Amino acid sequence: MGSRPPGMPLVAANWKMNPTNIDDALDLVRGVMSVARGQADKVEVALFPPFLWLTAVSEVLFESGVKLGAQDTFWEMSGAFTGEISPAMLKPLCQWVIVGHSERRLFVGETDEMVAKKTAAALSCELSVIMCVGELADHYDAGTSDQVVSAQVKAGLASCSADDSARLVIAYEPVWAIGSGKNADPEHAYKTMRLIRKIVGEMIGAGAARKVRILYGGSVKADNVQQYVELPLCDGVLVGGASLVADEFAHIVKVTAEVYGHR
Ligand code: 13P
């Protein structure tokens, strides 16, 4: 589960704290599924609804080929950790989990060390992991994006090995591009993804690093996705706002399938 068929791109839908009721969540998943199902041999599609909707969404997705993931997890498997959800709890429902999203780093104070522990815990339960990294606007303006992203990757993957590579995805999401409509210049995205691949190679070996998929995220829409998925090192996209509109998300999946179909 969650392993990478050679060359398969990933289009991931981070619904964040939306929709606020289950009926809308199920409408959205049915809308997405009607298109994603037909692309399942070309694109891996994974949906990341809020925790509360995971069970109901998993029933709709059953045997559809569309994958399910959680937006976060804790690093312990059980115990006195009020409000937390463990990877062991997610495993029966989900194939995927997101860790280290910038909104968790910013609003909940998640540190690189916490991200590393969450990554290791999720991988130990055989979940596939999307670990998010990305610089703030101040870093971008100061020209220190590379240092910030390098440090996040090194810290977040501290306990990872070559064995984890097929279940590991790194999403490069410049924080200033998230929800702002200011998607990153593809050249900047490309250079940063190249840096990420190099660092991962130094950490787990170049051969294993080639199996780690790297996504771009940040204001990805139907009308700009092509410029990212065409980048040589880009293995797909992590989509926020545009994943809440079934037709728009479906378009993103289709464009990705077409681009990778021609590679
Ligand atoms: P937007 O696509 O809304 O910019 O969000 C990106 C994101 O944070 C996905 O994880």
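The structure presented is a predicted model; accordingly, all values stated were derived computationally and were not measured. In listed order, ligands and their atoms are each counted from 1.
Here the rule is side-chain contact (heavy atoms from CB on, under 4.5 Å) with L215, and of V169, V11, V237 only V169 fits it. When the options K118, K117, R105 are evaluated for a salt bridge (charged side-chain N to carboxylate O under 4.0 Å, His left out) with D112, the one that passes is R105.
Residue contacts with ligand 1 include G179, since one or more of its heavy atoms lies under 4.0 Å from the ligand. Ligand 1 lies less than 4.0 angstrom from a heavy atom belonging to S219.
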side-chain hydrogen bond (donor to acceptor under 3.5 Å, both in side chains) between Q147 and H139: does it pass, once the steps are laid out? CA-CA 9 Å; Q147 289 92 312; H139 303 131; over 6 Å; no
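Atoms of ligand 1 lying under 4.0 Å from at least one heavy atom of G241, given by number and element, are 1 (P), 2 (O), 3 (O). Within the listing of ligand 1, atoms 6 (C), 7 (C), 8 (O), 9 (C), 10 (O) sit less than 4.0 angstrom from a heavy atom of E173.
Annotation: atom 5 (O) of ligand 1 to nearest protein heavy atom, K16 NZ, 3.2 Å. Scanning the protein heavy atoms around atom 2 (O) of ligand 1, the nearest turns out to be G240 N, 2.9 Å.
Among all heavy-atom pairs drawn from A177 and S219, the shortest one is O-OG, 2.6 Å.
No continuous path of ILVMFWY side-chain contacts below 4.5 Å connects M114 to L157, so the two sit in separate hydrophobic clusters.
Residue contacts with ligand 1 for I178 involve both N, CA, C or O and side-chain atoms from C-beta outward (heavy atoms, distance under 4.0 Å).
Between F81 and F74, the ring planes are tilted. Angles from 30° to 60° get that label.
Every N/O-N/O distance between E103 and ligand 1 stays at or above 3.5 Å.
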